[in-house]
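Scroll down for the structure; my scribbles are underneath it.
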Amino acid sequence: MWVLLLLSVVLVPAMGWQLNHTFTGSIEGITCDSTGQYLTVAQIFGDSTIYFSADSGATWTAADVPTTGYATIASNPVETQYVAAVDVYGNTVVSSDYGQSWSQVPSTVPLVDTYEIDAVAVANGNSTLIVMSESSTANGQCLYVSTNTGASWSSARGPNLANVTCKTVAANGDATQIVLSVLATNGNPNGLYLSTDLGVSWTLVHSIAAGVTVVKSIVYNAHLSIFYATIFGQTTNPVIRSNTAATSWTEIVGTWPTVSGFLSANIAVSYDGQYIVVNNDGQIEFSTDGGASYIEYRSSSLGSYVCVATGNTTSPALFMYQSFQSVYMTNTVPNPSPTKAPSFYQPLCDAYLCPTSCPYGYSKKYVNAYTGCTVYCMSEPVDGQCVFGGSSCTSSCRTAGELAGIIIGSVFGFFILVAIVYFVVVRYSPQPPAKHQQGSEERANEMQTVKNPISPAQSAV
């Protein structure tokens, strides 16, 4: 009975994120429509192409695209069937059927440096395209705008500030509001700038203290007609939102369990703003109350991109995030990663119950073969740990199901061994030596003689 009880506890699968698909190269962006039926994934290496799914990720198909090596992809936040992607050379492709078919726009983005495409925003169907290149200039002139589906492009536009680097950009459905995040190194404040004239002029609408803090991701919520953004470098109130004019921004009071990611903190928000999901360098921060509180799921490797599809209701249809070459999905609110593994199967390993695959570029070392206690290390670990992304890597243990299999296998093996030993001992136990056997026979004959004495007549004979 106790064995069945243990199995019922150990083998029940945890609800939440599930691996959907692993692609051949690193992913540089994902999109999903409002219902979660149509999905796209852009790759910069590996197949270097765009994949689409028209069945919520059940199957993926490589799209017929005219270029390769895509650095970014995005959909129109209002009309999500319109999608655009830009390759590392500034060639832009557009789709009007959720990414199932593509065509290349007539002209190339006039980049200062190739391989420096960082973001694209899509508006007015896909006729307005806004491409951002982080390193185009050092004064915030980082945007290239087309209002004719790429037939022609503007020269570089942006807030004309000395020594400013652009970080990300987003636009509303008709591009009457373009929000740009900048990182300043000359005393100007880091913050968000707003343009209402396609990037010709700009106004600072939200300041962030100079230093390590900067907005890493901006999204437009079409239903609420407001922008959301994430701030790198802080765990308290890391998400901000705008008013409908995008001229005023407010911190959402809430705290992440983990500090904002060094590389990314990309945000996605549900139709009504209830669900906020952030891919925080592979730590998935998940809020079901509009950002007031978060649960955290620890991914197995670095990730950047995330999307939420809830249609026109408050019920979640699909959550999806990217982790290096893979995408994970769920249509339920996932359970948080537990702080410690349960004690009944975790007597030796002080570790997290999380996926046992290592971050890209790192090896995995087994510390204890029975519990599966591991640590993410480089070739030369220091005190059993390594430094990765500014913090120590955490160790991990086998899952409950894996350990249950080990325990059951060990018990079964023990009983098999006992049966074999018993069989050998009973069946093949050693016989008494021949000498002792002969003496036993002589004593038996003597006893028989005593019981049946020989008569004189028999003796005479």
Side-chain angles (χ1 to χ4, degrees), residues 72 74-80 82-84 86 90 92 94 105-112 116-184 186 188-208 214-215 217-229 240-250:
T72 185
S75 59
N76 185 313
V78 178
E79 303 169 285
T80 54
Y82 295 102
V83 190
V86 188
T92 304
V94 293
V105 304
S107 61
T108 301
V109 180
L111 297 173
V112 174
E116 293 297 340
I117 296 292
D118 294 282
V120 61
V122 186
N124 296 309
N126 54 22
S127 62
T128 301
L129 303 171
I130 304 161
V131 175
M132 193 199 86
S133 175
E134 181 174 309
S135 67
S136 284
T137 65
N139 62 352
Q141 304 287 318
C142 58
L143 298 181
Y144 302 89
V145 179
S146 173
T147 58
N148 50 18
T149 318
S152 61
W153 295 89
S154 70
S155 57
R157 296 176 179 177
N160 191 16
L161 301 170
N163 302 315
V164 166
T165 303
C166 302
K167 303 306 294 184
T168 191
V169 67
N172 64 355
D174 60 5
T176 56
Q177 297 172 354
I178 301 174
V179 181
L180 177 69
S181 170
V182 301
L183 174 65
N186 62 340
N188 288 323
N190 300 335
L192 299 177
Y193 286 79
L194 171 67
S195 175
T196 58
D197 55 8
L198 295 175
V200 175
S201 61
W202 296 87
T203 302
L204 177 64
V205 292
H206 186 73
S207 297
I208 302 173
V214 66
V215 168
S217 174
I218 311 168
V219 295
Y220 181 73
N221 185 297
H223 174 64
L224 301 177
S225 300
I226 62 175
F227 291 89
Y228 286 79
I240 58 177
R241 65 185 171 207
S242 73
N243 60 359
T244 56
T247 55
S248 176
W249 293 71
T250 305

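Quick note: residue numbers are just sequence positions, from 1.
Between the side chain of Asn190 and the backbone N or O of Ile208 there is no donor-acceptor pair closer than 3.5 Å. Of the possible polar contacts, none joining the Asn124 side chain to the Thr128 backbone as a donor-acceptor pair under 3.5 Å is found. No donor-acceptor pair under 3.5 Å is formed between the side chain of Ser133 and the backbone N or O of Ile117. Proximity of a side-chain donor or acceptor of Ser107 to a complementary backbone N or O of Ala151 within less than 3.5 Å is detected. No donor-acceptor distance shorter than 3.5 angstrom exists from the side chain of Asn126 to the backbone of Tyr82, with no hydrogens or angles considered. For Gln177 (side chain) and Ile226 (main-chain N/O), no donor-acceptor pair under 3.5 Å exists by modelled atom type. Side-chain N or O atoms of Ser154 include one that pairs as donor or acceptor with a backbone N or O of Val145 at under 3.5 Å.
The two atoms that bring Ala222 and Val78 nearest to each other are CB-CG2, 3.8 Å, heavy atoms only. The minimum heavy-atom distance between Leu129 and Gly150, with the atom names listed, is CD1-N, 4.1 Å. Nearest heavy-atom pair across Asn172 and Pro77 is C-CG, 4.1 Å. Contact record, Ala171 with Ile178: CB-CG1, 4.2 Å, taken as the closest heavy-atom pair. The two residues Thr92 and Trp153 make their nearest non-hydrogen contact at OG1-CZ2, 3.8 Å. Closest approach of Ser75 to Thr80, counting heavy atoms only: CB-O, 3.9 Å.
With contacts defined as side-chain heavy-atom distances shorter than 4.5 Å, the pair Val179/His206 does not qualify. In this structure, the side chains of Val83 and Val94 stay at 4.5 Å or more apart for every pair of heavy atoms. In this structure, Asp118 and Cys166 have side chains that are not in contact, with every pair of non-hydrogen atoms separated by 4.5 Å or more.
Take Tyr220 and apply the ring-ring contact (aromatic ring centres under 6.0 Å, His included) test, not counting sequence neighbours, and it matches Phe227. Thr196 is linked by a side chain to side chain contact (heavy atoms under 4.5 Å, CB included) to Leu194, counting only residues two or more places apart in sequence or in another chain.
The side-chain contact (heavy atoms from CB on, under 4.5 Å) test with Leu192 singles out one residue from Thr203, Ile240, Val182, and that residue is Ile240.
Applying the salt bridge (charged side-chain N to carboxylate O under 4.0 Å, His left out) rule to pairs touching residues 154-172 yields Glu134-Lys167, sequence neighbours excluded.
Separating the CD1 atom in Ile130 from the OG1 atom in Thr147 is a distance of 10.5 Å, to the nearest 0.5 Å. Here the CD-CG distance, from Gln141 to Asn160, works out to 5.0 Å after rounding to the nearest 0.5 Å.
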